[in-house]
Number of protein chains: 2
Amino acid sequence: MYSNCSSDKIHIMIIEDDAIYRESIADLINDTDTLICEHACESCEEALVVLEKQDVPQVILLDIQLPGISGIEGISKIKALSPSTQIIMLTVFDDDDKVFNAICQGATGYLLKSIGGEEIQQAVTQVVCGGAAMSPVIAAKILKMFSEYNQPTKDYGLTEREKEILKILVEGKNKKQSAAELFISQHTLDTHLKNIYAKLHVHSQIDLVSKTLKEHLL
Amino acid sequence: MYSNCSSDKIHIMIIEDDAIYRESIADLINDTDTLICEHACESCEEALVVLEKQDVPQVILLDIQLPGISGIEGISKIKALSPSTQIIMLTVFDDDDKVFNAICQGATGYLLKSIGGEEIQQAVTQVVCGGAAMSPVIAAKILKMFSEYNQPTKDYGLTEREKEILKILVEGKNKKQSAAELFISQHTLDTHLKNIYAKLHVHSQIDLVSKTLKEHLL
DNA sequence: CCCAAAATACCCCGATTACGGTATTTACAG
DNA sequence: CTGTAAATACCGTAATCGGGGTATTTTGGG
């Protein structure tokens, strides 16, 4: 899937506004024997100019807190110019929203600043080989989001048939269509629906669909 | 948050049906200077008996493919007896469903078998310190699930007011209630709703709510 | 064999919705 | 100033829905 798990040095770009930190990371990278950092930019704007010249790195280390185009906004702009470039977010922040947004934008890594050269090297290698790199704390956050999102589904005691009906209704079909699809009369569907309403304590289709989708009942 | 990032050895339990692999992992663990494995069980059933005796480890390495109670089912049973125990799934499988289910059940790690002792040590330490441990390939899968789930929201050209109305309707309220909440007449809401229907190409509230929630339009 | 749960089917009717009009006011860009 | 988009408001009607009944058949456990 990705070309470089092999011999050549992996080209890295850094985008980070703090000059001292930027150079220190660049040094760390250039001290390794597998990575090379040719571009160390202080803003997304500067980086995008470089990318437009087709001078695309395999991996970009991208700070999240940047003046002008923020790191999170930058992800999609970078991806637009160079879809194959993998982006690793690098930040001191670990608040859920930022992590969440960055990942939704398609970052393949999320590391807390404070990492050493060895860890960067490891992370970059993993990313280039098709994996993802995350600081353990970030990984835990993501897993937590996942399991919270899929809370234990409450059991409203729906029968199999009722679930089947619910599934079709939630697709956006009306009663007539749904009944036809299940080869039952509209009256029967009506009866089932009444029972479903009672079990879920709802009184309209919007209520039903809303509750079903929000509580992931299916 | 978690007690042991400190001196004492971390107690590990292994649940794995393959005797050879089980013992080999146990040996790897006992060869380290920070971990100790006192219980190496061949099934969840066996492990649960040990846990009932209050002999709870800090971390459990849990195989996913087990006879009887599967690894995924085991997670919740283990958590019920010992909520503080962190569970790391250990498996040869990396298919999305298994990963997804395990994580939703509350596993804090997911490692592919084939790992060495050093990696186990690292993973366990991370988990005990409140982080999560994932093989890079698994991490990438999870990030992919995340970003795919939050696909770029299509723009149907809804106005602010229309979005506002949509938001309220999706809560499960009917037209009358929604209109009241926005201090507008039901006729006005009707007009807006007609426009929304046209823009989203839907023809009923159920359709509307379904599409809105599925495409995360809000 | 009997009971209970589930699935099937039908009736009725007031409330609500969907959607076709039309029309006025506000806000803002050209 | 003028035109367009957006928000506001109203009318009418066919269609659908919600909820109140009742009733038969199927299925599986005791």
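Note that these values count all heavy atoms, side chains included, but never hydrogens, waters or copies made by symmetry.
- When heavy atoms are screened at a 4.0 angstrom cut-off, B/Lys176 is found touching the sugar-phosphate backbone but no base atom.
- For the pair B/Asp190 CG and D/dA15 P, the interatomic distance rounds to 18 Å; values are reported in whole Å.
- Side-chain to base pairing of B/Thr191 with D/dA9: one donor and one acceptor N or O lie within less than 3.5 Å of each other.
- Atom NZ of B/Lys214 sits in a crowded spot, with more than 12 heavy atoms from other residues, nucleotides or ligands closer than 6.0 Å.
- Between A/Tyr156 and the options A/Lys199, A/Lys163, A/His201, A/Glu215, a side chain to side chain donor-acceptor pair (under 3.5 Å) holds for only A/Glu215.
- Look at B/His187 and you won't find any side-chain N or O under 4.0 angstrom from OP1 or OP2 of D/dT8.
- Contact annotation for B/Gln205: backbone-only contact, meaning every heavy-atom pair under 4.0 Å involves sugar-phosphate atoms and none involves a base.
- Side-chain N/O atoms of A/Lys194 and base N/O atoms of D/dG18 include no donor-acceptor pair closer than 3.5 Å.
- The phosphate of C/dT8 has neither OP1 nor OP2 within less than 4.0 Å of any side-chain N or O from A/Thr188.
- As judged by a 4.0 angstrom heavy-atom cut-off over every strand, B/Thr159 is placed among residues touching the sugar-phosphate backbone only.
- With hydrogens and angles ignored, no donor-acceptor pair under 3.5 angstrom links the side chain of B/Ser204 to the base of C/dA18.
- Between A/Arg22 and A/Asp63 there is no salt bridge, since none of the side-chain N atoms of the basic residue sits less than 4.0 Å from a carboxylate O of the acidic one.
- The residues B/Asp96 and B/Lys144 are annotated as not salt-bridged, no charged nitrogen and carboxylate oxygen being separated by less than 4.0 angstrom.
- Among the protein residues, B/Asn174 comes within range of the sugar-phosphate backbone only, with heavy atoms under 4.0 Å from sugar or phosphate atoms but none that close to a base.
- The residue B/His203 sits close only to the backbone: its heavy atoms come under 4.0 Å of sugar-phosphate atoms, none of a base.
- A/Leu189 places its CG atom 15 Å from the C1' atom of C/dA6, with the value rounded to the nearest Å.
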